[in-house]
Amino acid sequence: MNDIVSKKNSKNDEIDNFALFGNPVSHSKSPEIYKIFSKEQGVQLQYKLLSVCKNNLTEEIKCFFSLKSSKGANITVPFKETAISVCHSLTDRAKVSNSINVIKKLNNEILLGDNTDGVGLIYDLKKKNL
C-alpha cells in the first residue's frame, strides 16, 4: 500500500488518492476517466487499480483509508455487498440495495458508502432518450 501515497511538490503536499477495489480490475477504464476529470477540473489526484481477494478486502480498504490522502474509492463486483462492513454510514440508496460501489471519506475519518449504479443507469437511459 505504500505506493498509493505520492507527493505533488517539494512542500510535501499530498495528492488526493482514489482507488478501485475489485477482482479483476485490469480492464477498468477508471484511471483514464479520473485522469480526464482531474485535468478538466484542474486538480491533482492519483487513481489506483487494486486487485484484492474477498478474504483481505476489508483490511485493504481500511489500510487505504488510513492514509490521510485517501479520499474515495470505487468498489466493483464481486465485493459490493462485502464492502459495506467497513463503512460508518450508508446513504439511503446503499441501504435499499444492500450494496455499495462508492466509498467517500468525510471529515478525514467517516467512511460513507453509496450506491450510484441505479442513478447512473437512469442518467444513461435519459441521455440516450430510452
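- Considering all non-hydrogen atoms of both residues, Thr116 and Asn101 come closest at N-OD1, 2.8 Å.
- The shortest non-hydrogen separation linking Thr82 to Thr58 is O-CG2, 4.3 Å.
- Using a 4.5 Å heavy-atom cutoff, the side chains of Ile61 and Ile75 are in contact.
- Taking the side chain as every heavy atom from C-beta outward, Ser89 and Leu111 never approach each other to under 4.5 Å.
- How far CZ of Phe21 is from NZ of Lys48: 11.5 Å, rounded to the nearest 0.5 Å.
- Rounding to the nearest 0.5 Å gives a distance of 9.5 Å between CZ of Phe64 and CD1 of Ile103.
- Here the side chain of Asp124 pairs no donor or acceptor atom with the backbone of Leu121 at under 3.5 angstrom.
- When all heavy atoms are compared, the tightest approach of Glu81 to Asn98 is CG-O, 3.5 Å.
- Panel note: side chain Lys68, backbone Phe65; no donor-acceptor pair is recorded below 3.5 Å.
- The structure places OG of Ser38 at 12.0 Å from CD1 of Ile33, a figure rounded to the nearest 0.5 Å.
- Judged purely by distance below 3.5 Å, without hydrogens or angles, the side chains of Asn74 and Tyr47 pair a donor atom with an acceptor atom.
- In summary, the aromatic rings of Tyr34 and Phe18 are positioned with their centroids under 6.0 Å apart.
- Once rounded to the nearest 0.5 Å, the distance linking CD of Gln46 with CD1 of Ile15 reads 6.0 Å.
- Residues Leu20 and Thr76 meet the side-chain proximity criterion, which asks for heavy atoms closer than 4.5 Å.
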Where do Val25 and Leu50 land on the side-chain contact (heavy atoms from CB on, under 4.5 Å) test, with the steps shown first? CA-CA 7 Å; Val25 292; Leu50 301 173; over 6 Å; no
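- Not one N or O on the side chain of Ser69 forms a donor-acceptor pair closer than 3.5 Å with the backbone of Asn17.
- Lys95 and Leu90 get closest at one heavy-atom pair: CE-O, 3.5 Å.
- Judged purely by distance below 3.5 Å, without hydrogens or angles, the side chains of Asn115 and Thr91 never pair a donor atom with an acceptor atom.
- Electrostatic pairing of Arg93 and Asp117 does not count as a salt bridge here, judged by no charged N lying under 4.0 Å from a carboxylate O.
- Nearest heavy-atom pair, Ser66 versus Cys63, reported as atom, atom and distance to 0.1 Å: OG-O, 2.6 Å.
- Scanning all heavy atoms of the two residues, the minimum distance from Ile84 to Ser99 falls at CD1-N, 3.4 Å.
- Taking CG of Leu49 as the reference point, atom NZ of Lys29 lies at 10.5 Å (rounded to 0.5 Å).
- A distance-only check finds no donor-acceptor pair linking the side chain of His88 to the backbone of Ile110 [under 3.5 Å].
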Go through the steps for Asn108 and Lys71 under the test side-chain contact (heavy atoms from CB on, under 4.5 Å), then give the verdict. CA-CA 8 Å; Asn108 207 31; Lys71 304 299 181 187; 4.1 Å; yes
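- Distance alone, capped at 3.5 Å, is enough to place a donor-acceptor pair between the Lys105 side chain and the Ser70 backbone.
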Apply the test side-chain contact (heavy atoms from CB on, under 4.5 Å) to residues Leu112 and Cys87: give CA-CA distance (whole Å), side-chain angles for both, the deciding distance (0.1 Å), then the verdict. CA-CA 6 Å; Leu112 174 66; Cys87 296; over 6 Å; no
Show your working on side-chain contact (heavy atoms from CB on, under 4.5 Å) between Asn23 and Val52 and close with a plain yes or no. CA-CA 6 Å; Asn23 192 344; Val52 295; 5.6 Å; no
